[in-house]
Engineer: 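Pasting in a structure now, in structure tokens, and then I'll have a few things to ask.
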Amino acid sequence: PVASAGHFMKIKTKLSVSLLIISLVPLLIGFLFFYYNFKKTLTESSINHLKSVASIQHARIDSILKQNMERLGLVTSRTQLRISLSNFLSDHHSEDQEKMNLILSDANTSIDDFFEISIYSLDGIIVASTDRGAIGSHHFDEAFFLRCQKEFTADEFYLDKYNQLKLYLSGPLNLNEKLIGVVVIKLKTDNMISSIQDYSGLGVTGETILSKMDKNGDILFITPTRFDPSAALKRTVSKDKNNSIFSSFGSEAILMDSIDYREQPVLAVLKFIENTGWSLAVKIDKHEAYSAISELRFLLIVVVIFSIIALTFCSLYMAKAITTPINNLAEVSKKIAEGDFQYKALVYSNDEIGLLSDAFNKMTAKITHSNSILEKKVEELNREIAERKKVESALHISEERMHLALQGGELGMWDWNLKTGGMYFSPHYFTMLGYEPDELPHLHKTWISLLHPDDRDRIISTLQSKLSKHLAAWSLEFRMLHK
């Protein structure tokens, strides 16, 4: 008969759980590292793309501003216009006024974006215009009027009576280095709006927002937005609003965790347009920027579930393969302790357990042989009454020896106390490196000494760096030395 296994499930369960944990922990760490590294890479890619779009938009707007200033210069540089203005202001001859109107009409028709040009006297009265009905009206209190007497301006937006966004171009008119009036051009903003509303590469939620600070210190939208076509010069956002992309108004910034005017979490890049007071924000909703992360998260969850199932079966199989011979030996030891020497231990392998099983079998064979001899001696004692006491004494001595042999053949079991917190290396950890299970001390410096020399400094340096940063999860790949 052969001893059967199955009475030591606690060992098998512990071993299964240990193998499962040893397999799952590196797997989960690897998945987490891959997930967060992918998210970091995706964030950097999204931010770099937003920076690229912001640079392009900034260049476009800067180009439009320069073009507008050049157009304004073409009008103010007309000598006949300034001479006619000077003569009209002195003599008020209608001929001089008509000359100005003709010059303005010619300039207005030469550039498609112009739709009205007017000349203001220094007291704010329109003295010439492409809109004849506006001549004689007073505009001294206009916000741009005082500015344009000192400098050329191209950053004053307004809404016309049809709520269409328009732009004032204005600047001084000088003759012989003397200020004699100002020119004001009402300009269409189609090219600027077209640039702002170019959503190429920005998906379905990305957009460019052009804004400035109003007189109350709040952020005023200059142009329409993707989700609010009527936002131009109407929609405002408080600069003090917590976590808003506009809280960094007036500076160049990269915002990773902010909200937009729709209260949506976004990634954003801000640029400041010099000499205008405008801020340019290019942003995209986080849920769209991280859409690939959601898909990856689902895939990783599926992979982890299947991995857990597969590793569970593998752990159970390995635990059974390891504990079966141990359980068999335990059963054989129990039978021997009970005095039944007919059981044989199965030899499953040529490792230490196999050698122990073979030793058990040899021991039981010797004990069986000894019993046979004792039985023969007992028969001799029955035939030799005279030598009974001597035989009984020898039998008693033999029985004591047999008892000592049984005591010396008991199986010694090992266990791992998980509560000690000490560093432990499993036998297989050392054997796969060519060492016996207890050949090396169970110390941290043992692990350091087994690192490959080409990897050792990098691993120690990287380990210290990772620990100092208190990262939630990370992993390292390195080589170990074989005996």
Side-chain angles (χ1 to χ4, degrees), residues 42-71 111-115 154-160 162-169 187-212 219-237 244-246 248-249 251-256 258-262 264-292:
L42 187 61
T43 300
E44 291 176 353
S45 176
S46 298
I47 290 297
N48 287 335
H49 181 67
L50 291 178
K51 289 169 65 176
S52 176
V53 173
S55 296
I56 292 172
Q57 293 288 50
H58 185 281
R60 286 176 176 176
I61 293 174
D62 190 55
S63 176
I64 292 172
L65 289 172
K66 289 180 179 178
Q67 182 186 53
N68 289 339
M69 294 299 282
E70 290 173 358
R71 290 171 172 178
I111 300 177
D112 292 337
D113 289 338
F114 289 178
F115 72 92
D155 56 4
E156 291 288 344
F157 289 91
Y158 73 98
L159 293 174
D160 64 13
Y162 302 107
N163 277 328
Q164 297 298 311
L165 185 66
K166 297 295 187 297
L167 178 67
Y168 285 122
L169 299 182
L187 186 72
K188 299 175 185 177
T189 57
D190 296 346
N191 56 349
M192 187 170 293
I193 292 177
S194 176
S195 175
I196 295 297
Q197 293 182 338
D198 181 2
Y199 307 128
S200 301
L202 293 176
V204 296
T205 62
E207 61 178 323
T208 301
I209 300 174
L210 190 64
S211 60
K212 66 177 182 178
I219 308 305
L220 176 67
F221 287 23
I222 296 176
T223 55
T225 68
R226 188 169 193 170
F227 303 100
D228 186 3
S230 61
L233 300 183
K234 293 181 179 180
R235 185 160 195 155
T236 60
V237 175
S244 169
I245 60 174
F246 302 105
S248 299
F249 181 89
S251 63
E252 298 198 357
I254 297 174
L255 305 176
M256 310 287 290
S258 298
I259 57 174
D260 66 358
Y261 62 95
R262 300 171 298 135
Q264 294 296 319
V266 296
L267 298 177
V269 172
L270 269 61
K271 282 188 172 293
F272 188 70
I273 302 177
E274 299 292 338
N275 303 320
T276 63
W278 300 346
S279 180
L280 181 73
V282 179
K283 57 88 176 175
I284 189 171
D285 288 5
K286 272 190 172 182
H287 75 82
E288 181 177 7
Y290 292 148
S291 59

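The basis for the numbers below is simple: all heavy atoms, side chains too, and nothing from hydrogens, waters or symmetry mates. The structure presented is a predicted model; accordingly, all values stated were derived computationally and were not measured. Residue indices begin at 1 and follow the sequence shown.
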Engineer: Would Leu270 and Leu280 count as a side chain to side chain contact (heavy atoms under 4.5 Å, CB included) here? Give the steps.
Structural biologist: CA-CA 6 Å; Leu270 269 61; Leu280 181 73; over 6 Å; no
Engineer: Which is it for Leu255 and Val266 under the side chain to side chain contact (heavy atoms under 4.5 Å, CB included) test, yes or no, and what are the steps along the way?
Structural biologist: CA-CA 8 Å; Leu255 305 176; Val266 296; over 6 Å; no
Engineer: Please find the pair of heavy atoms, one from Ala154 and one from Leu169, that lie closest to each other, and give the distance.
Structural biologist: CB-CD2, 3.4 Å
Engineer: Inspect the surroundings of CG in Asn163 and state if more than 12 heavy atoms from other residues, nucleotides or ligands are less than 6.0 Å away.
Structural biologist: yes
Engineer: Kindly determine whether Asp260 and Ile209 satisfy side chain to side chain contact (heavy atoms under 4.5 Å, CB included), including the steps that lead there.
Structural biologist: CA-CA 10 Å; Asp260 66 358; Ile209 300 174; 5.6 Å; no
Engineer: Where the side chain of Lys234 meets the backbone of Phe221, is there a donor-acceptor pair that is under 3.5 Å apart?
Structural biologist: no
Engineer: Hey, what do you get for CZ (Arg71) to CG (Asp113), rounding to the nearest 0.5 Å?
Structural biologist: 4.5 Å
Engineer: So, do Lys271 and Ser55 sit near enough that their side-chain heavy atoms are less than 4.5 Å apart?
Structural biologist: yes
Engineer: How are the rings of Tyr158 and Tyr168 set relative to one another: parallel (under 30°), tilted (30 to 60°) or perpendicular (over 60°)?
Structural biologist: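 Rings of Tyr158 and Tyr168: parallel, as their planes differ by under 30°.
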Engineer: Do you know the tightest heavy-atom contact between Ala281 and Ile245?
Structural biologist: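 Smallest interatomic distance, heavy atoms only, reads CB-CD1, 4.4 Å.
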Engineer: Quick one: does any side-chain atom of Ser63 pair with a main-chain N or O of Ala59 as donor and acceptor, under 3.5 Å?
Structural biologist: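 Pair absent, no side-chain N/O of Ser63 close to backbone of Ala59.
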Engineer: Would you compute the distance between atom NZ of Lys166 and atom CG of Leu233 and round it to the nearest 0.5 angstrom?
Structural biologist: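 Answer for the NZ-CG pair, Lys166 versus Leu233, is 11.5 Å.
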Engineer: For Leu202 versus Ile284, what's the shortest heavy-atom pair and its separation?
Structural biologist: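 It is O-CD1, 3.7 Å.
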Engineer: Out of the candidates Phe249, Phe157, Phe272, only one should pair with Trp278 under the ring pair (Phe, Tyr, Trp, His ring centres under 6.0 Å) rule; please name it.
Structural biologist: Phe157
Engineer: Rounded to the nearest 0.5 Å, what's the gap from CG on Asn68 to OG1 on Thr189? Could you check?
Structural biologist: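 Here the rounded value is 10.0 Å.
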Engineer: Starting at CG of Leu165, measure out to CD1 of Ile222 and round the result to the nearest 0.5 Å.
Structural biologist: 8.5 Å
Engineer: Applying side chain to side chain contact (heavy atoms under 4.5 Å, CB included) to Asp155 and Lys212, what does each step give before you reach the verdict?
Structural biologist: CA-CA 10 Å; Asp155 56 4; Lys212 66 177 182 178; over 6 Å; no
Engineer: Between Ser251 and Ala253 (side chain of the first, backbone of the second, donor and acceptor by atom type, cut-off under 3.5 Å), is there such a pair?
Structural biologist: no
Engineer: For Ala54 and Val269, which heavy atoms make the closest approach, and how far apart are they?
Structural biologist: CB-CG1, 4.0 Å
Engineer: Between the main-chain N or O of Leu42 and the side-chain N or O of Ser46, is there a donor-acceptor pair closer than 3.5 Å?
Structural biologist: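 A pair under 3.5 Å: yes.
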Engineer: What closest approach, in Å, do Val237 and Ser244 show between heavy atoms, and which atom pair accounts for it?
Structural biologist: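 Looking at all heavy atoms of both residues, the closest pair is CG1-OG, 4.1 Å.
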Engineer: Should we count CG of Asp228 as having more than 12 external heavy atoms under 6.0 Å?
Structural biologist: yes
Engineer: If you round to the nearest 0.5 Å, how far is OG1 of Thr208 from NE2 of His58?
Structural biologist: 12.5 Å
Engineer: Per the side-chain hydrogen bond (donor to acceptor under 3.5 Å, both in side chains) rule, what does the pair list look like for residues 194-207, sequence neighbours excluded?
Structural biologist: Gln57-Ser195, Arg60-Asp198, Asp198-Ser200, Thr205-Glu288, Glu207-Tyr261, Glu207-Lys283
Engineer: Has His49 got a side-chain atom pairing as donor or acceptor with Gly201's backbone, closer than 3.5 angstrom?
Structural biologist: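 Side chain of His49 to backbone of Gly201, a donor-acceptor pair under 3.5 Å: yes, one is there.
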Engineer: Supply the atom-to-atom distance Leu267 CG to Leu50 CG, rounded to the nearest 0.5 angstrom.
Structural biologist: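 One finds 6.5 Å between CG of Leu267 and CG of Leu50.
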